[in-house]
Amino acid sequence: MIRTGISTIALALMMAGPAAAQTGKQGATPTAAEADAFVARASKEFAEFSVDDARIQWIYATYITPDSAALVAKSGAEGTEMAVRFALEAAKYDKAKGLSPDTKRQLDILRSAITSPAPTRDGAATALAELQTDMQTVYGTGKGTLNGKPISGSDIEAAMGTSRNPAELKEMWTNWHDNVGAPQRQDYQRSVGLLNEGARELGFKDVGAMWRSNYDMPPEEFAKLTDKLWNEVKPLYESLHTYVRWKLNEKYGDAVQSKTGPIRADLLGNMWAQEWGNIYDIVAPEGAGDLGYDIGELLQAKDYDAIKMVKAGEGFYSSLGMAPMPETFWQRSLFTKPADREVQCHASAWNLDNVDDLRIKMCIKVNSDDFVTIHHELGHNYYQRAYNQKPLLYRTGANDGFHEAIGDFVALSITPDYLVSIGLLDESKVPSADKDTGLLLRQAMDKVAFLPFGLLIDKWRWGVFSGGIPAGGYQGAWDALRLQYQGITPPVKRDETKFDPGAKYHIPANVPYTRYFLARLLQFQFYKAACDQAGWTGPLHRCSFYDNKEVGAKLNAMLEMGASKPWPDALEAFTGSREMSGAAMVEYFAPLKAWLDEQNKGKPTGW
Ligand code: X8Z
Ligand code: ZN
């Protein structure tokens with residue numbers, strides 16, 4: 001199974017079962033042929049283990065009970081033990097002379113692509129799996145409150161997007177963080193110890209260094225690359241921050257949002273202040289700001305339900321020439337939140353048999369956020385199917401940012417004209433060119449706002465794993481990074497009895513997050529390339545490559561590669577460039593940046 005919403009190779013590698021160690025003769029340097037045989041054996045055993053493991057994980061994620069939790073922890077521990085054993089063995093075969101590039105690459109994948117390594121000593125993998133499952137159960141079953149009444153994770157997420165009442169927002173924010181985050185603090189600290197011990201046994205400095213070593217370059221260089229990329233787009237974020245803070249001050253007044261300093265985290269339309277598109281109404285440019293439509297309202301007006309939304313997403317991929325999702329996708333996916341049981345609502349995409357048992361798991365609501373997320377998840381599924389002919393260890397993204405970028409890249413094509421072509425928007429309602437600023441601002445509220453958030457989650461974890469952030473300073477360091485990068489502040493005082501990182505899914509689930517930062521930039525690189533291929537000459541943000549089979553074929557060629565080649569090769573195959581870069585995103589938003597800077601004249605900037 002490759003459960004991409006959660007992780008890619010990492011989980012492929014966690015799906016492991018007991019295997020007899022068959023290393024080369026004790027002490028002797030193994031031969032290239034022995035290394036080939038080892039890779040084949042490891043792949044086969046992973047593949048065999050993975051199907052049952054995937055089913056167990058699926059059952060847990062779609063029906064959280066003490067029983068499914070116990071089973072998922074047990075299977076997870078077995079998988080980790082096997083993955084670690086293969087990683088240690090791979091290190092030995094790595095020394096063989098005359099290795100083929102493919103064997104070398106697969107050995108490297110075996111060595112480093114484990115997200116949750118555990119030490120080999122007895123009981124450690126089980127202890128780690130139990131801690132991680134406990135945290136995920138706290139997250140998956142956690143509740144906040146609204147007006148004193150309990151409210152589920154998916155409902156509170158939606159309510160944070162629509163409420164404009166600062167007291168309600170503060171209540172929801174505080175209770176979610178207190179109820180879901182704080183109880184995980186001890187378990188998280190213990191899990192960090194075990195993860196680091198595991199990473200060190202595998203020859204890495206700490207888990208952070210291990211995560212950073214999966215990008216076809218030395219881990220230190222990768223950290224530098226992320227900073228370089230951030231610096232390319234930071235001015236865009238600062239312009240947006242200045243403008244949005246001003247608008248929030250106009251709306252709520254000094255007592256709620258001051259004209260200077262950080263923005264109050266609960267006012268931005270999202271529980272984590274990671275995407276701000278839901279408060280577009282507050283920031284819309286005067287006069288030209290009304291786009292004349294909201295995707296959520298269009299869907300509701302046309303009586304869309306969850307299935308119809310997913311069908312629309314599938315329709316886009318079909319228009320590129322991709323085969324429809326298999327019948328089993330429709331039979332086995334979880335599209336809506338069941339009324340009678342606990343499920344993990346955080347969206348994910350799965351391939352349970354590594355071939356074509358594709359599924360998504362989501363608690364879909366009929367709104368704009370979820371329409372985009374459906375395209376995101378389907379992007380994972382189409383990627384998974386495209387590379388399913390490759391050797392098992394290559395059945396993942398060129399890097400994890402690629403996997404996260406595909407569906408978002410497709411969703412950038414949801415332009416007004418596209419909405420007309422699928423019958424959601426009336427032709428007479430297509431916003432005229434004078435609405436371009438509004439369209440770009442709506443997009444920037446999601447795409448640009450996310451950038452510092454996408455970066456800081458792993459800045460925090462890299463610090464925790466390296467020891468730079470001590471266990472007694474988890475909360476303080478989190479707040480400091482949120483302030484430094486995002487320029488936001490919690491609505492109530494936090495202290496070290498809290499654990500706000502645990503209130504974000506990817507912390508209890510231990511899913512690396514830099515992938516989403518990379519994806520935010522990559523999706524614009526892909527989009528610009530696709531629009532160039534399509535011969536688009538208008539403003540970039542009005543381009544839709546819907547129905548373009550040529551773009552589809554070229555995209556598929558990149559997707560089919562999976563991880564078989566270093567990611568610059570894959571990037572080059574589709575875009576002609578070998579560098580990840582913020583330039584395409586900066587170009588897309590250039591007209592908005594000029595407009596924002598005009599609006600911001602004379603206003604306080606920075607925090
Ligand atoms: O976790 C996700 C996807 C599943 S891979 C829904 N995303 C990040 C998040 O929700 O925090 C997509 C955008 C960022
Ligand atoms: Zn994803």
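When reading the values below, keep in mind they use all heavy atoms of this one structure, side chains included, and skip hydrogens, waters and symmetry mates. In listed order, ligands and their atoms are each counted from 1.
The shortest N/O to N/O separation between Gln274 and ligand 1 falls below 3.5 Å. The N/O atoms of Lys504, backbone and side chain alike, include one that comes under 3.5 Å of an N/O atom in ligand 1. For the pair Ser348 and ligand 1, the shortest N or O to N or O distance does not fall below 3.5 Å. Between His346 and ligand 1, an N or O atom pair is found at a separation short of 3.5 Å. The distance criterion of under 3.5 Å between nitrogen or oxygen atoms is met by Tyr516 with respect to ligand 1.
Asp294 meets the side chain to side chain contact (heavy atoms under 4.5 Å, CB included) test with Glu297; sequence neighbours excluded.
If you look at Tyr513 next to ligand 1, the close heavy atoms, those under 4.0 Å, all belong to the side chain.
Of all atoms in ligand 1, listed by their number and element, those nearer than 4.0 Å to a heavy atom of Glu404 are 5 (S). Set against the non-hydrogen atoms of His380, the atoms of ligand 1 under 4.0 Å away are 5 (S). The Glu377 neighbourhood of ligand 1 comprises atoms 3 (C), 4 (C), 6 (C), with distances under 4.0 Å to a heavy atom of that residue. Residue Ala347 has at least one heavy-atom neighbour below 4.0 Å for each of these atoms of ligand 1: 4 (C), 6 (C).
Here the side chains of His506 and Tyr516 are in contact, with some heavy-atom distance below 4.5 Å.
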Donor-acceptor pairs under 3.5 Å, side chain of residues 580-587 to any protein atom, not counting sequence neighbours: which ones?
{"unit_1": "Ser581", "atom_1": "OG", "unit_2": "Ala583", "atom_2": "N", "d": "2.8"}

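Note: Tyr418 and Phe316 meet the aromatic proximity criterion, with ring centroids under 6.0 Å apart.
In summary, no N, O or S atom of His403 is located under 2.8 Å from the Zn ion (ligand 2).
The aromatic rings of Tyr505 and His346 sit parallel, their planes meeting at an angle under 30°, below the 60° perpendicular limit. Using bins of under 30°, 30° to 60° and over 60° for the plane-to-plane angle, the ring pair Trp350/Trp58 lands in the perpendicular bin.
Between Asp227 and Lys459 a salt bridge is recorded (basic side-chain N to carboxylate O distance below 4.0 Å). A salt bridge links Asp155 with Lys365; the closest basic N to acidic carboxylate O contact falls under 4.0 Å.
Put simply, the angle at the Zn ion (ligand 2) from NE2 in His380 to OE1 in Glu404 is close to 100°, to the nearest 10°.
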